[in-house]
Amino acid sequence: MSPTPLHDWDVSPDQAVLLQAEFAGRIDTSSTLAKFDLIAGCDIAYDLVEPVLYAAVVVVRVADLAPVETAVVRAGVKFPYVPGLLSFREVPPLLSAWESLRSEPDLVMLDGQGIAHPRRFGLACHLGLWLDRPTVGCAKTWLVGEYAEPGPTAGDAAPLSVDGVPVGAVVRSATGVRPVFVSPGHKIDVAGAVAVTRVVLGGHRHPVPTRLAHMAANQARAAGRVDPPVV
DNA sequence: GCGACAG
DNA sequence: ATCTTGTCGC
């Protein structure tokens, strides 16, 4: 079932900023972690030469972290990359991929920030609002906030806050790797976001859901091209 | 004015 | 995000 339209996607960067300010108020980051058996990981791979992207959603079973369903769509890039406005570029194609899913994930994990964002409305928040489902942002690099280096062991975490307000955590997803920035997207609190992340760690820097989505998007890109690299 | 800036 | 092979280390 397709989600209820929240707003128009054909907007300018300036309008996008206004929309973020408007919808940030609808984000719920106080919900306690509920039962969840299926987690969907999302990621996008960009074509090297054309303004085309491949959005992938991989549903993972929490019990054994095994993938149970994969959906990928090829789409044209319709919004420029602007720090702080990533969701306007990646949410539309992810929604398309999501619609072809037959299973119903209990939570969604994305490559990007949740409320650890300049206007408290990162990629995970935006998708969460559209899907009206719990989402967690797991970014590879810093965007906003202050934090201390987390411990060296997988699972170790340190609070991430903006002006003294906790917005997430910096988590060591695996031993010996740089930490990832975890923050709630929607319908989940900071503790829940971190707890979920810890449950789906698979020994690599990226949690299993987003790791598999990343691989699926790359595979689609490799297969989606009709013209092989020319010498 | 200068520096910073998810993917 | 993306261009890129081998190589060092657990």
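For the numbers below, each heavy atom of this structure counts, side chains included, while hydrogens, waters and symmetry mates do not. Every chain is numbered from 1 and lettered A, B, ... according to where its sequence line falls, protein lines coming before strand lines.
- Scanning DNA chain B for stems, defined as runs of 3 or more consecutive Watson-Crick or G-U wobble pairs whose donor-acceptor distances all fall under 3.5 Å, gives no such range.
- Contact annotation for A:Leu85: base contact, defined as any heavy-atom pair under 4.0 Å involving a base atom.
- An OP1 or OP2 oxygen of B:dG7 is reached within less than 4.0 angstrom by a side-chain nitrogen or oxygen of A:Thr141.
- Atom CD of residue A:Gln15 and atom CG of residue A:Asp10 lie 8.0 Å apart, to the nearest 0.5 angstrom.
- In this structure, the CD1 atom of A:Ile115 is 15 Å from the C1' atom of B:dA6, given to the nearest Å.
- Checking C:dA1, B:dC5, B:dG7 against the side-chain heavy atoms of A:His214 singles out C:dA1 as nearest.
- For the side chain to side chain contact (heavy atoms under 4.5 Å, CB included) criterion with A:Leu110, the lone passing option out of A:Leu123, A:Val136, A:Val91 is A:Leu123.
- Comparing B:dA4, B:dA6, C:dC3 against the side chain of A:Leu48 picks out C:dC3 as the nearest.
- Closest to the side chain of A:Arg221, from the set B:dA6, C:dT2, B:dA4, is C:dT2.
- Nucleotide B:dG7 holds its P atom 22 Å from the OH atom of A:Tyr54, rounded to whole Å.
- The hydrophobic clustering, which links ILVMFWY residues whose side-chain heavy atoms are closer than 4.5 Å, places A:Val144 and A:Tyr81 together.
- Annotated stems with DNA chain C as a participant are lacking; only runs of 3 or more Watson-Crick or G-U pairs under 3.5 Å would qualify.
- Between the side chain of A:His186 and the backbone N or O of A:Ala124, no donor-acceptor pair lies under 3.5 Å.
- Going from atom CG of A:Asp8 over to atom CG of A:Leu19 covers 8.5 Å, rounded to the nearest 0.5 Å.
- Ion pairing between A:Glu22 and A:Arg119 fails under the 4.0 Å rule for side-chain N and carboxylate O.
- Per the geometry, OH belonging to A:Tyr46 stands 11 Å off C1' belonging to B:dA6, to the nearest Å.
- At a threshold of 4.0 angstrom between heavy atoms, the contacts of A:Gly84 include nucleobase atoms, whether or not backbone atoms are also involved.
- Dashed line: the shortest gap from a side-chain N or O of A:Lys140 to OP1 or OP2 of B:dG7 is under 4.0 Å.
- A:Asp132 and A:Lys187 are joined by a salt bridge, as a carboxylate oxygen and a charged side-chain nitrogen come within less than 4.0 angstrom of each other.
- By the 30° and 60° cut-offs, the orientation of the rings of A:His206 relative to A:His214 is parallel.
- Under the 30°/60° scheme for interplanar angles, the aromatic rings of A:His126 and A:His7 are found to be tilted.
- As rounded to whole Å, 17 Å separates atom P of B:dA6 from atom CZ of A:Arg120.
- Nearest to the side-chain atoms of A:Leu143 among the listed nucleotides B:dG7, B:dA6, C:dA1 stands B:dA6.
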Mind listing the N/O atom pairs, protein and nucleotides 7-10 of chain C, below 3.5 Å?
none

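- Note on A:Val59 and A:Leu95: same hydrophobic cluster, where clusters join Ile, Leu, Val, Met, Phe, Trp and Tyr whose side-chain heavy atoms are under 4.5 Å apart, directly or indirectly.
- Summarising the local packing, CG of A:Asp163 is surrounded by 12 or fewer heavy atoms from other residues, nucleotides or ligands at distances under 6.0 Å.
- Atom CG of A:Leu53 and atom C1' of C:dT2 are 14 Å apart (whole Å).
- The CG atom of A:Leu129 lies 10.5 Å from the OG atom of A:Ser87; values are rounded to the nearest 0.5 Å.
- Rounded to an integer number of Å, the gap from A:Lys78 NZ to C:dA1 P is 23 Å.
- Counting to the nearest Å, the P atom of B:dA6 and the CZ atom of A:Arg89 are 12 Å from each other.
- In this structure, A:Glu50 places its CD atom 20 Å from P of C:dA1, rounding to the nearest Å.
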